[in-house]
Structure formats: structure tokens, C-alpha cells
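Accompanying notes for the structure given below.
A, B, ... follow the sequence lines: proteins, then strands. Residue 1 opens every chain.
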Number of protein chains: 2
Amino acid sequence: MLTDECRYKVLKLLDEDPRLSQRELARKMGISVGKVNYCLKALAQKGIIKASNFKNSANKQAYAYLLTPKGIEDKARVTARFLKVKLAEHAALQQEIEQLRREVHTCAAEEVEP
Amino acid sequence: MLTDECRYKVLKLLDEDPRLSQRELARKMGISVGKVNYCLKALAQKGIIKASNFKNSANKQAYAYLLTPKGIEDKARVTARFLKVKLAEHAALQQEIEQLRREVHTCAAEEVEP
DNA sequence: ATGATTGTGTTCAATCAATGAACACATGTG
DNA sequence: CACATGTGTTCATTGATTGAACACAATCAT
């Protein structure tokens, strides 16, 4: 896939340091190299990142994955969207926690009375 | 699988209404019937729930999935554990949101300056 | 009565994201 | 030169999840 979360994290990390290898990205993101590779290709195809010397270079060793102007724009958009989702999650979680607190109390009560 | 989340939700819903069908459970939990069936069997095998007339009954139409005493105990334990996890998630989310807020601001700034 | 419809639980082949070992290549090292 | 290390890339395998299909029971309509 290429979820918003993945997209956001990749762009954030590459914006901070475009010279991260796919394995470093994988480690920092907590996903596999295969998935990182897939995401990078997807983002490159969308023109969101540009790998310096992608595919036909004499120096195949390492790439720098640079955000294109479109990429910077996209990063802002995705980040904002992601924030929105997280805020919603936060609110939902808050409610769920309240519910859980009540559950814990009633369960504890049930536990006592035989 | 039989995650804590699944376990908690099933026990909560069945505690509220043991007469829920597997399809109703699936709908309320947002998962497939197959998974519900799997979870119920797992919980039954653990002795956490007991299906009235499970497997060898004249009336095969519908079961009531009742929490056993062990089930009630388990529900309390799982709920507490689940609450703990959710609180941790909540804290993590809070930090992530802070981070995102900063990101949004810097991105917006970058957007302006050419 | 009997056929049709609805509602059970159950099964299991198919799906699909995700993994990570394996590969080809390039560079650095001894 | 050989060897180790570090790239990106590939792809068979894994494993959870799905949901259509099935057998059975009860109810409804004719």
C-alpha cells in the first residue's frame, strides 16, 4: 500500500535527511525494506520525490531522495490531513478511555459481590 | 488472531447482550463473520464464554454466548490491560499531534517563502 | 403439507498487504 | 586481487482476513 501514514513519515524523514538509505528508513519507520522500496517508487512515479541518479547512473551505490517542489507541497497537504485524522483519533480514544474506565470500575464491583 | 482488542470487544458486547448473533457481532465490531466465529470458538475453548447448546443441541438455530465466571474475571483483567494500552496510545498520540502541529506550521512557512 | 424465505453457525478457497532472505552491483579495505 | 560492506531490487512465502457458499432449523405463505 501507500497509506497516508507511510507517505507522511517518508516525506518527513526525507525532508530532514534525503540521504537516508532504504534500510535506515525501514528501521526508523518500523516497516520492511520491501515496503519502503515500494513506497519510494510510488512517490517517485507521482513526482513527489526525485532520486538523484535513479535507474541509469554510473554510481549505483546510493541515492539521495529529494523532495521536489511538488513534494514539498504534497508534504504540507498530507501532514495537515494526517493531523486532522490524528485529532479525530485522539477524540475517539478519549471517549473510549472514558468508557473503559467505567468498565473497569463496574467489573471490579462485580468482582467483589459474590 | 485473537487480539486483546477483539477479546475486549466481544466480551463487552456479549456481557451487554449474550443473544447477539455472530453477524450482529461482526457488524458492531467492524470485522468479518469468519473472524467472529474464530474468536468465539477460541474464547469458548478457553472456558471464557459458554454457548448455551453448543455443537449438540436439538435447537440449532441460535445460541446465547454467556460469560462464565472465569469469563467475567477475564473481562475485568482484559479491560484493565486494554485501558493501560489505550492510555499509552493516548500519550503517544498527544506527542505525535504536537509534532504534526509544528510540521504544519513550518510547511506552511516554507510554502510562502519562495 | 409443502415450498419459500429468513436466520442461524460453520467452513475454506481466495485475497492481499507485508515480510525478509536472496540477488546483482558498486565501493571500500587489507 | 579478494573480501567485506552497503546499496537498491525482487519475489516466493507468510499469515491474517475476508466473504461467498453451505447445511440446517424455524417461520411464513400458499
Side-chain angles (χ1 to χ4, degrees), chain A residues 1-11 13-14 16-68 71 78 82 85, chain B residues 1-11 13-14 16-68 71 78 82 85:
Chain A
M1 280 291 300
L2 177 51
T3 61
D4 264 12
E5 172 148 14
C6 222
R7 201 160 156 179
Y8 158 69
K9 283 187 181 174
V10 165
L11 294 181
L13 288 169
L14 289 183
E16 288 170 7
D17 181 4
R19 314 193 57 159
L20 287 173
S21 74
Q22 296 189 5
R23 280 172 179 79
E24 284 171 322
L25 282 171
R27 193 179 47 76
K28 293 201 178 201
M29 295 174 66
I31 63 176
S32 66
V33 278
K35 188 173 180 182
V36 167
N37 188 266
Y38 174 83
C39 289
L40 289 180
K41 283 190 174 173
L43 290 173
Q45 198 189 356
K46 285 175 187 282
I48 288 172
I49 62 173
K50 176 93 167 90
S52 71
N53 307 331
F54 209 77
K55 208 62 183 169
N56 40 3
S57 154
N59 176 11
K60 268 204 178 307
Q61 186 189 13
Y63 299 123
Y65 302 99
L66 301 162
L67 272 62
T68 63
V78 169
F82 199 54
V85 170
Chain B
M1 279 290 300
L2 177 51
T3 61
D4 264 12
E5 174 150 10
C6 224
R7 202 161 156 179
Y8 159 69
K9 283 187 181 173
V10 166
L11 294 181
L13 288 169
L14 288 183
E16 288 169 8
D17 181 4
R19 312 192 59 160
L20 288 173
S21 74
Q22 297 189 6
R23 280 174 177 78
E24 284 170 321
L25 283 170
R27 192 178 49 75
K28 293 202 176 198
M29 295 173 66
I31 62 176
S32 66
V33 278
K35 188 173 180 182
V36 167
N37 188 266
Y38 174 82
C39 290
L40 289 180
K41 283 190 174 173
L43 290 173
Q45 199 189 356
K46 285 176 186 283
I48 288 172
I49 62 174
K50 175 94 169 94
S52 71
N53 308 331
F54 208 79
K55 208 62 185 169
N56 39 4
S57 156
N59 177 10
K60 270 206 176 310
Q61 186 190 12
Y63 299 124
Y65 302 99
L66 301 162
L67 272 62
T68 64
V78 169
F82 199 55
V85 170

Applying salt bridge (charged side-chain N to carboxylate O under 4.0 Å, His left out), can you list everything that pairs with A/Lys9, at least two apart in sequence or on another chain?
A/Glu5
May I have the distance from A/Ile49 (atom CD1) to D/dG8 (atom P), rounded to whole angstrom?
11 Å
When rounded to whole Å, the CG to C1' distance for the pair A/Leu25 and D/dG8 reads 12 Å
How long is the line joining OH of B/Tyr63 and P of C/dG7, in whole Å?
18 Å
Candidates C/dG9, D/dT10, D/dG8 - which lies nearest the side chain of A/Lys41:
D/dT10
Whole-Å distance, B/Tyr38 OH to C/dG9 P, equals 19 Å
Whole angstroms only, please: what is the CG-P distance between A/Asn37 and C/dC23?
18 Å
Interatomic distance, A/Lys50 atom NZ to A/Thr68 atom OG1 [nearest 0.5 angstrom]:
10.0 Å
Presence of A/Gln22 side-chain N/O under 4.0 Å of D/dT9 phosphate oxygens OP1/OP2:
yes
Do B/Met29 and B/Cys39 come within less than 4.5 Å of each other through their side chains, counting heavy atoms only?
no
To the nearest angstrom, how far is B/Arg27 atom CZ from C/dT8 atom C1'?
16 Å
Take the protein atom CZ of A/Arg19 and the nucleotide atom C1' of D/dG6, then report the distance between them rounded to whole Å.
14 Å
How close or far is atom P of D/dT7 from atom CG of A/Leu40, stated in whole angstroms?
13 Å
Would you say the side chain of B/Phe82 lies within less than 4.5 Å of the side chain of B/Arg7, judging by non-hydrogen atoms?
no
Going by the salt bridge (charged side-chain N to carboxylate O under 4.0 Å, His left out) test, which pairs reach into residues 16-32 of chain B, not counting sequence neighbours?
B/Lys12-B/Glu16
N/O-N/O pairs, protein side and nucleotides 18-21 of chain C side, under 3.5 Å:
from, atom 1, to, atom 2, distance (Å)
C/dA18, OP1, A/Lys35, NZ, 3.3
C/dA18, OP2, A/Met1, N, 3.4
C/dA18, OP2, A/Lys35, NZ, 3.2
C/dT19, OP2, A/Ser32, N, 3.1
C/dT19, OP2, A/Ser32, OG, 2.8

So do the side chains of B/Ile49 and B/Leu11 get within less than 4.5 Å of each other, counting heavy atoms only?
yes
